[in-house]
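To start, the structure under review is shown below, and the notes come after it.
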Amino acid sequence: MDFKSFNLNPRIAAGVEAAGFTEPTPIQAQSIPKIMQHCDVMGLAQTGTGKTAAFGLPILHQLMKGKLGHVRALIVAPTRELAERINEAITQPGKGSGLRSVTVYGGVGMNPQVTKLKRCLEIVVACPGRLLDHIKQGTIDLSKVDVLVLDEADRMFDMGYQDYIMSIIEMTPRQRQTLLFSATYPDEIKEVSHAIQIDPVDIRVESLHDNKQIEQIFYEIQKGERTKTLVALLQH
């Protein structure tokens, strides 16, 4: 199987080829066709398996149809680093599409984000807290979102964002496609999936993380020893 078998929009297919994508990963091979069929998807796979392209490419394909000029795809991620990686991974194959995207997260000023959000963007990649700030201030409109993605949902719940996420979802249309990706499948994820998805396709392509098999090591050090200890650990 190669990416040509997905019959992506020609502009997106050209971007995929320019990006050097050749053979899809298992999560991509199983998810892309289902997302292009407008199915809700519950994808369980570890980080580094190609999840971003698994939802990013079919989203780009779908957004080529219909009107542009308003937010139609919302991708929610737990950290600004991940938000930037997602945006970069989508921007690269979407260069020739005319679609525009922006990242929204805390730790930086809101005004530059507000300016970008006024430019009639189609894709927003956001962290929950700052996204809620924009919603409350009326600087973003989610009323025309066609597809909602929750990436690394288990991490967002571990970070205490569950209420934030549910508040954000309430601001999106009920008639939407909802994609949920996670590395683990705790009860909280199951409950949210049942609440926000309609007959989701369950895709599992990698062995899931077992938290019981993760060893945690605790070092008690003085504040002034942090850098020295970190360097010693990295050297070791």
Flag, side chain of [X] to backbone of [Y], donor-acceptor distance under 3.5 Å:
{"X": "Thr25", "Y": "Thr49", "value": "yes"}
{"X": "Ser97", "Y": "Ile12", "value": "no"}
{"X": "Glu152", "Y": "Pro78", "value": "no"}
{"X": "Gln177", "Y": "Leu148", "value": "no"}
{"X": "Gln113", "Y": "Tyr105", "value": "yes"}
{"X": "Arg176", "Y": "Pro173", "value": "yes"}
{"X": "Gln46", "Y": "Ala183", "value": "no"}
{"X": "Asp154", "Y": "Thr184", "value": "yes"}
{"X": "Glu188", "Y": "Phe157", "value": "no"}
{"X": "Thr79", "Y": "Leu82", "value": "yes"}

- Query: Aromatic rings Phe6 and Phe3: how do their planes relate, parallel, tilted or perpendicular, breaks at 30° and 60°?
  - Reply: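 Judged by the thresholds at 30° and 60°, the geometry between Phe6 and Phe3 is perpendicular.
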- Task: May I have the step-by-step check of side-chain contact (heavy atoms from CB on, under 4.5 Å) for Met36 and Leu57, ending in yes or no?
- Result: CA-CA 9 Å; Met36 290 176 66; Leu57 295 180; over 6 Å; no
Can you give me the closest heavy-atom contact between [X] and [Y], atom names plus distance?
{"X": "Ile90", "Y": "Gly56", "value": "CG1-CA, 4.2 Å"}
{"X": "Asn9", "Y": "Arg11", "value": "OD1-N, 2.9 Å"}
{"X": "Lys51", "Y": "Ala45", "value": "CE-O, 3.4 Å"}
{"X": "Ala83", "Y": "Val125", "value": "O-CG1, 3.5 Å"}
{"X": "Met42", "Y": "Ser182", "value": "CE-CB, 4.2 Å"}
{"X": "Gly50", "Y": "Gln28", "value": "O-NE2, 3.1 Å"}

How long is the straight-line distance from [atom2] of [Y] back to [atom1] of [X], given to the nearest 0.5 Å?
{"X": "Ile123", "Y": "Leu60", "atom1": "CD1", "atom2": "CG", "answer": "5.0 Å"}
{"X": "Phe181", "Y": "Leu44", "atom1": "CZ", "atom2": "CG", "answer": "9.5 Å"}
{"X": "Leu233", "Y": "Tyr219", "atom1": "CG", "atom2": "OH", "answer": "5.0 Å"}
{"X": "Arg130", "Y": "Ile140", "atom1": "CZ", "atom2": "CD1", "answer": "12.0 Å"}

- Message: Evaluate Gln62 against Lys65 for side-chain contact (heavy atoms from CB on, under 4.5 Å), listing each step before the verdict.
- Response: CA-CA 6 Å; Gln62 292 175 184; Lys65 305 174 185 177; 6.0 Å; no
Under 4.5 Å between side-chain heavy atoms, hopping through other hydrophobics if needed: is there a path connecting [X] to [Y]?
{"X": "Ile59", "Y": "Leu68", "result": "yes"}
{"X": "Leu131", "Y": "Val108", "result": "no"}
{"X": "Phe218", "Y": "Ile221", "result": "no"}
{"X": "Met110", "Y": "Leu142", "result": "no"}
{"X": "Val114", "Y": "Leu132", "result": "no"}

Counting only heavy atoms from other residues, nucleotides and ligands, does the tally under 6.0 Å from [atom1] of [X] exceed 12?
{"X": "Asp163", "atom1": "CG", "value": "no"}
{"X": "Met64", "atom1": "CE", "value": "yes"}
{"X": "Ile198", "atom1": "CD1", "value": "no"}

- Hey, could you give me each pair passing salt bridge (Lys or Arg N to Asp or Glu O under 4.0 Å) that has a residue in residues 67-95? Not counting sequence neighbours.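 For residues 67-95, and leaving out neighbouring residues, the salt bridge (Lys or Arg N to Asp or Glu O under 4.0 Å) pairs sorted by first residue read Arg72-Asp146.
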- Answer yes or no: is there an ion pair linking Lys136 with Asp133, defined by an N-O contact shorter than 4.0 Å?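 So Lys136 does not pair with Asp133 through a salt bridge.
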- Sub-4.5 Å side-chain heavy-atom contact between Val71 and Val145: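 Answer yes - side chains close enough.
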- Message: Go through it in stages, so that I can follow the logic: the residues are Asp2 and Thr22, the test is side-chain contact (heavy atoms from CB on, under 4.5 Å), and I'd like the CA-CA distance, side-chain angles, deciding distance and then a yes or no.
- Response: CA-CA 6 Å; Asp2 59 24; Thr22 53; over 6 Å; no
- Query: Regarding Ser193 and Gln197, is there a side-chain donor-to-acceptor distance under 3.5 Å anywhere?
  - Reply: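 Note: Ser193 and Gln197 side chains meet the donor-acceptor criterion.
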- Message: Among Ile196, Thr178, Leu74, which residue satisfies the side chain to side chain contact (heavy atoms under 4.5 Å, CB included) criterion with Ile169?
- Response: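 Answer after filtering Ile196, Thr178, Leu74: Ile196.
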- Test Asp141 against His70 for side-chain contact (heavy atoms from CB on, under 4.5 Å), laying out the working first. CA-CA 8 Å; Asp141 179 10; His70 51 256; over 6 Å; no
